[in-house]
Amino acid sequence: MSISENLAAILARIDAARKAAIAPAPQTKLVAVSKTMDAGAVRDALAAGQRIFGENRVQEAQGKFPALKADHPDLELHLIGPLQTNKVKEAVALFDVIQTLDRARLADALAAERDKSGKSPRLFVQVNTGEEPQKAGVMPGEATALVTYARERRLPVEGLMCIPPVEDDAAPHFAFLAKLARENGLDQLSMGMSGDFEMAVRFGATHVRVGSAIFGERPKI
Ligand SMILES: *Cc1c(COP(=O)(O)O)cnc(C)c1O
């Protein structure tokens, strides 16, 4: 299967999941996760009409996306991996959306960079719904305080994002994230990957992040 065929198949599955869902989000956008893939693979996806991409490392994205964005001004790039404060300047310059705000110090750094550069990517707060010690994301009990903290700094928080533990049923994690978003007056929900995006659609995902089902398996590092 080619990248364009895979994309068409995923979009059809999102559409079918939306039709079967009782209360889908008004819109569900596909974030094509291109981490580890070369610029040629991204260009194939662009040729097929895909415009939203996700990368998990600032440095890798810096190597691929400036040229792609120059050719496609409507390309929208999302950071979906952890962001170190010493990479904030580069991240703010390159990404349209940062999905991984997970601590007050990072909110401070993003606000400082906004004040300096005038650039302020849209933000999602990443919630560690499984409370896994090794995983990024704010603990569920601290998520509302972080959303408030970011809003007080006039940062554009639009939604929540989660990566459920691999061994868990994702459904309760998606349901929890949707509830937490409602409680915080946030209408964007980034959840669901290649293995579970249809379930995420059922729980109201506005963004699903799909990599391997579009681009093929990533080399194991
Ligand atoms: C890699 C990655 C994805 C995509 O995973 P697939 O299983 O390949 O679809 C989604 N979200 C995040 C945060 C990722 O790091």
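Reckoned from all heavy atoms, side chains included, excluding hydrogens, waters and symmetry mates. All ligand and atom numbering here is 1-based and tracks the order in the structure.
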Numbering as shown, the atoms of ligand 1 that approach Val210 to under 4.0 Å (heavy-atom distance): 9 (O)
Test of ring centre spacing under 6.0 Å for His207 and Phe124: yes
Transitive ILVMFWY side-chain link Leu160 to Met193, under 4.5 Å: no
Gln99 near ligand 1 by a heavy-atom separation under 4.0 Å: no
Residue and atom name of the nearest protein heavy atom (relative to atom 10 (C) of ligand 1), distance in Å to one decimal: Met193 SD, 3.2 Å
Nitrogen or oxygen of Arg218 less than 3.5 angstrom from that of ligand 1: yes
Contact atoms of ligand 1, heavy-atom distance to Ile163 under 4.0 Å: 13 (C)
Minimum side-chain heavy-atom gap Gln126-Val138 below 4.5 Å: no
Interfacing atoms of ligand 1 (cut-off 4.0 Å, heavy-atom, Gly211): 4 (C), 6 (P), 8 (O), 9 (O)
Audit row: His78, Asp96, side chain to side chain donor-acceptor pair (under 3.5 Å) steps and yes/no: CA-CA 6 Å; His78 292 227; Asp96 302 288; over 6 Å; no
Glu55/Lys64 salt bridge by N-O under 4.0 Å criterion: yes
Closest approach of any protein heavy atom to atom 1 (C) of ligand 1, naming residue and atom: Lys35 NZ, 1.4 Å
Closest protein heavy atom to atom 11 (N) of ligand 1, given as residue, atom name and distance to 0.1 Å: Arg209 NE, 2.9 Å
Salt-bridge contact Glu76-Arg51 (side-chain N to carboxylate O under 4.0 Å): no
Residue, atom name and distance, where the atom is the protein heavy atom closest to atom 12 (C) of ligand 1: Ile80 CD1, 3.5 Å
Shortest protein contact, atom 6 (P) of ligand 1 (heavy atom only): Ser194 OG, 3.5 Å
Test side-chain contact (heavy atoms from CB on, under 4.5 Å) applied to Val88 and Ile98, Asp108, Val58, Leu106, the passing residue: Leu106
